[in-house]
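Below you'll find the structure, written out as structure tokens, and then a few comments.
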Amino acid sequence: MAHDFRTPLTVITGQLAQLVADHPAASDALASAHRLDRMMTDLTGAARMEAGELRPRLESVDLVDVVEAARGGLIVPPGLALDQGIAADLPFVNADPVLLQHMIANRIDNALRHARTCVTVSGAPENDHVVLRISDDGRGIAEHERDRIFERFARAEGGDRTHGSGLGLAIVKGFGDAMGMTVTVAAAPAGGACFSIFMPRGRQDEA
Amino acid sequence: MSRILCVDDEPAILRLLSVVLAAGDHEVVTAANAREALEILARGAVAAVILDLGLPDRDGLELIPVMRARFTGPILIISARSDVAEKVAALDLGATDYITKPFDGDEVRARVRAALRRDAQSPTPGEEIGHGVIRMNTARHEADVSGKPVALTPKEFALLHALVEAGGRMLTHKALLERVWGKAHRDDIAYLRVAIRALRLKVEPDPARPSLIRNEPGVGYRLG
């Protein structure tokens with residue numbers, strides 16, 4: 001399915017990108033086409049989740065790699081900052097790097113859509129786990145809504161400034177479950193939402 | 001001006017690639033299937049191939065070794081399938097690099113330019129080699145980054161050497177493990193992660209935000 005969608009999307013985004021050089025007004029159409037691509041990625045991920053076809057390939061993963069790759073595919077809107085505090089000596093985690101990248105990209109994207117000024121990504125070892133925290137300084141998520149936001153097509157009260165696919169956070173939870181991770185949400189110190197992903201540690205053998 | 005052979009069964013993609021590559025001062029020849037592509041390659045004068053893996057008459061992965069047997073230049077895979085297993089298989093079968101749909105014109109031109117540049121300067125064994133700010137001398141086992149010497153263990157040196165020699169090309173985890181640790185350790189990915197981290201601590205200006213040794217999750221590492 002993804003194959004069938006990506007070919008026409010490539011033609012649309014490719015030709016719009018050429019058009020934008022001469023007609024800047026076409027940039028909204030190009031941004032929409034890019035959004036459609038992200039939605040397609042979520043839809044494909046959700047379909048795999050639903051069909052029980054995730055089959056994670058767990059291996060030892062450096063979060064520095066995965067967070068870098070996740071943010072590489074995202075555009076930080078003007079006026080917002082994305083602060084990353086992953087220490088270069090953070091223990092490795094046991095994860096499927098491709099699923100983890102998709103999860104992290106979805107939560108950062110979600111945080112960027114709700115933040116007022118800043119999104120913060122940090123990692124810390126805690127007992128047998130490594131915890132990745134992604135916080136925003138937006139309106140936050142009311143306590144009674146915190147379970148519901150992981151459902152498909154759920155939206156927090158007040159909405160956000162640009163809509164995502166409605167599947168982003170369901171994928172964060174579903175992919176996390178498939179890899180034996182726990183995802184929790186709480187109030188961030190700056191008043192927004194803080195998502196914590198608890199991941200099992202990975203092997204760190206030297207040779 | 002280099003002649004690029006673009007192979008795809010979608011006419012709209014071929015037209016898009018033709019415009020994108022013409023803007024990079026390349027001449028484009030197109031083929032809609034594997035048979036046409038092999039005929040054009042047999043005539044020669046092709047500098048690089050851009051190959052879609054979803055062809056009507058032959059499996060794209062199967063075509064890579066067939067092309068490799070008669071063409072030594074860069075083969076770039078362009079595929080709608082963002083499946084990492086397929087990217088890894090294509091690279092291990094001899095593809096030079098890959099581009100995933102939907103692609104960006106600037107990215108396509110940059111990848112083609114880089115692949116052609118690397119192809120033109122194949123390193124001579126024993127000579128000094130380098131990529132960007134990294135310089136290495138294999139005979140003297142010396143490496144420096146931005147002019148500053150770095151002390152590397154033999155494994156770290158071998159790993160950096162493999163990456164520098166690839167000149168920005170993506171090397172799969174398996175390829176790096178086989179090259180540095182040997183075939184018996186091709187699946188010991190933790191070895192690679194530990195060594196990459198150690199290497200980054202020595203060569204990266206900010207090891208927490210690596211800019212020299214880049215990774216694509218599930219696929220491998222390349223120099224930025």
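A, B, ... follow the sequence lines: proteins, then strands. Residue 1 opens every chain.
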Handout entry: chain B contact via A:R71 - side chain, backbone, both or neither, heavy atoms under 4.5 Å
Key = side chain
Exercise for the section: Examine whether an atom of A:Q204 lies under 4.5 Å from a heavy atom of chain B, and if so say whether it belongs to the side chain, the backbone or both; otherwise answer neither. Expected result: both
Exercise for the section: Tell me, out of A:D62, A:V11, A:D65, who's got the most heavy-atom pairs with chain B below 4.5 Å. Expected result: A:D65
Practice task
For the pair B:E62 and B:R58, find out whether any cationic side-chain nitrogen is under 4.0 Å from an anionic carboxylate oxygen.
Solution key: yes
Handout entry: A:D128/A:R201 salt bridge by N-O under 4.0 Å criterion
Key = no
Handout entry: Proximity breakdown for B:R15 and chain A, heavy-atom pairs closer than 4.5 Å
Key = neither
Handout entry: Residues A:R38, A:D42: salt bridge by 4.0 Å N-O rule
Key = no
Handout entry: Which atoms of A:E68 approach chain B - backbone, side chain, both or neither, heavy atom under 4.5 Å
Key = side chain
Problem - chain A contact via B:E10 - side chain, backbone, both or neither, heavy atoms under 4.5 Å - result: side chain
Exercise for the section: Determine, for A:E53 against A:R48, whether the closest basic-nitrogen to carboxylate-oxygen distance falls under 4.0 angstrom. Expected result: no
Problem - Short N-O contact, B:K101 and B:D8, less than 4.0 angstrom - result: yes
Exercise for the section: Name the region of B:L201, side chain, backbone, both or neither, that has any atom closer than 4.5 Å to a heavy atom of chain A. Expected result: side chain
Practice task
Using a cut-off of under 4.5 Å on heavy-atom pairs, state which of B:R197, B:E204, B:R200 scores highest against chain A.
Solution key: B:R197
Completion exercise
If you tally heavy-atom pairs under 4.5 Å between each of A:G72, A:A17, A:A69, A:P97 and chain B, the highest tally belongs to A:P97
Completion exercise
chain A shares the most heavy-atom pairs under 4.5 Å, among B:G218, B:P210, B:P207, B:A208, with B:A208
Problem - Under-4.0 Å salt bridge between B:D188 and B:R193 - result: no
Problem - Contact origin within B:I189 toward chain A - heavy atom pairs under 4.5 Å - result: side chain
Exercise for the section: Count the heavy atoms of every other residue, nucleotide or ligand shown that sit under 6.0 Å from CZ of B:R209, and state whether that count exceeds 12. Expected result: yes
Exercise for the section: Check step by step if salt bridge (charged side-chain N to carboxylate O under 4.0 Å, His left out) holds for B:E107 and B:R111. Expected result: CA-CA 6 Å; B:E107 188 196 340; B:R111 289 280 166 91; 3.7 Å; yes
